[in-house]
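Data first, discussion second: the structure below is written as structure tokens.
Counting starts at 1 for both ligands and their atoms, in listed order. Counting from 1, the numbers follow the sequence of the chain as shown. Model, not experiment: these values are computed from the prediction. Hydrogens, waters and symmetry mates play no part in the numbers below; they use all other heavy atoms, side chains included.
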Amino acid sequence: MEKELFWNAVISNDKRFDGAFVYAVGTTKIYCKPSCKSKPPKRENVAFFRSPELAEKEGFRACLRCLPRSEKTDRQTDLVIRTCELIETDIENTLESLAERLNVSTGHLQRTFTRIVGVSPQKYKENRRLAKFKNELKQGGEIVDAIYESGFGSSSRLYENASRKLGMTPSKYKKGGKNMEIDFAITTTKIGKMIVAATGKGICSVSLADSAEDLLSALKEEFPNAIIRESDELLKEFINEIVENIEGDNRAIELPLDVRATAFQMRVWEELRKIPYGKTATYQEIAAKIGNKNAVRAVARACASNQVALVIPCHRVIRSDGSLSGYRWGVERKRSLLEHERSRSVET
Ligand SMILES: [Zn+2]
């Protein structure tokens, strides 16, 4: 399953995975980082390594185009991020259960976490509990923000490593997208008005509503400090691809994304993108796929915090009793999307 995730990162040149692993190509004996722009290799020739060193031990050479060695894998940072994710999924995790799941000793986890974050895992947990209590409405939980809130902030190391995993750095997010430039276009679809907004890196928002005014004011609210401008021409292809998905026969949207996400949300969203057109999955199934069948509620929250309708097809997740459950953009829209997909997939 991890390999699936890695392979997806490779074919989508996903920068956020740089540093997390490298991929090596058997036929050329060269290894690359996930975002390398070189021609995608055949799946069967690819092997994954957690670090450049491991790839080199197997006789692979670093690619000259993407310079994968410069992307240093930081196992300790990785360990800290994974610890935070586990705490986020289940705040009742103890130091022992965390260490067991991460396959490290409690002493090592305690020391590493405290050194990098600035507080112990126990203290971090207490802070999270308090923050959750204070702010139940904050959906999903921004792990990087959470790390900051817990006393971390002086070391830039974790910041850099963590922000690489996100579409947007947390500081930019906090300032409401300050200095970001966002282009948007609004169109009419058969399920209502749709806005598509993008930064220079990819789509940052896709929303549906009854009126164009509502869509635009919601975008401005989400990014109050960004420079926002209407650019119909620039976004024409993106819009067409999504509209063809809603109304026509485009079964897979393959567009670049620039979204804020915790590593947990990213993993859920990757799974959502694997649900085939015309099919549905339950929250339980997604939770099991990401390796934590108890995380059903966290999965539901991750679906609800999706910022890009259709591009990440959260509408394909339903309750285990077959009922539709909610949809951020209205359950009637979810129903018609699923009906449209079902009717198209029956035809072939
Ligand atoms: Zn390369």
Inset, instruction - List nothing but the number: protein N/O/S atoms under 2.8 Å from the Zn ion (ligand 1). - result: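 Considering protein N, O and S only, the Zn ion (ligand 1) has 4 within range.
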
Inset, instruction - Using ring-ring contact (aromatic ring centres under 6.0 Å, His included) as the criterion, list what pairs up with Tyr327, not counting sequence neighbours. - result: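 With sequence neighbours excluded, Tyr327 shows a ring-ring contact (aromatic ring centres under 6.0 Å, His included) to Trp329, given in chain and number order.
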
Legend entry - Pair Arg342 + Glu339, salt bridge at N-O below 4.0 Å: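 Not counted as a salt bridge, because no side-chain N and carboxylate O are separated by less than 4.0 Å.
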
Legend entry - Residues that Thr189 engages under side-chain hydrogen bond (donor to acceptor under 3.5 Å, both in side chains), provided they are two or more places apart: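 Checked Thr189 against side-chain hydrogen bond (donor to acceptor under 3.5 Å, both in side chains); zero matches.
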
Inset, instruction - Look at the side chain of Asn45 and the backbone N and O of Thr27, then say whether any donor-acceptor pair between them is shorter than 3.5 Å. - result: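 Looks like no, no N/O pair under 3.5 Å.
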
Could you pull out every donor-acceptor pair under 3.5 Å between side chains of residues 56-64 and any protein atom, sequence neighbours left out?
{"from": "Glu56", "atom 1": "OE1", "to": "Arg69", "atom 2": "NH1", "distance (Å)": "2.7"}
{"from": "Glu56", "atom 1": "OE2", "to": "Tyr31", "atom 2": "OH", "distance (Å)": "2.6"}
{"from": "Glu56", "atom 1": "OE2", "to": "Arg69", "atom 2": "NH1", "distance (Å)": "2.6"}

Inset, instruction - With ring-ring contact (aromatic ring centres under 6.0 Å, His included) as the test, would you mind laying out the steps for Tyr23 and Phe48 before giving the verdict? - result: CA-CA 4 Å; Tyr23 69 93; Phe48 299 105; 7.1 Å; no

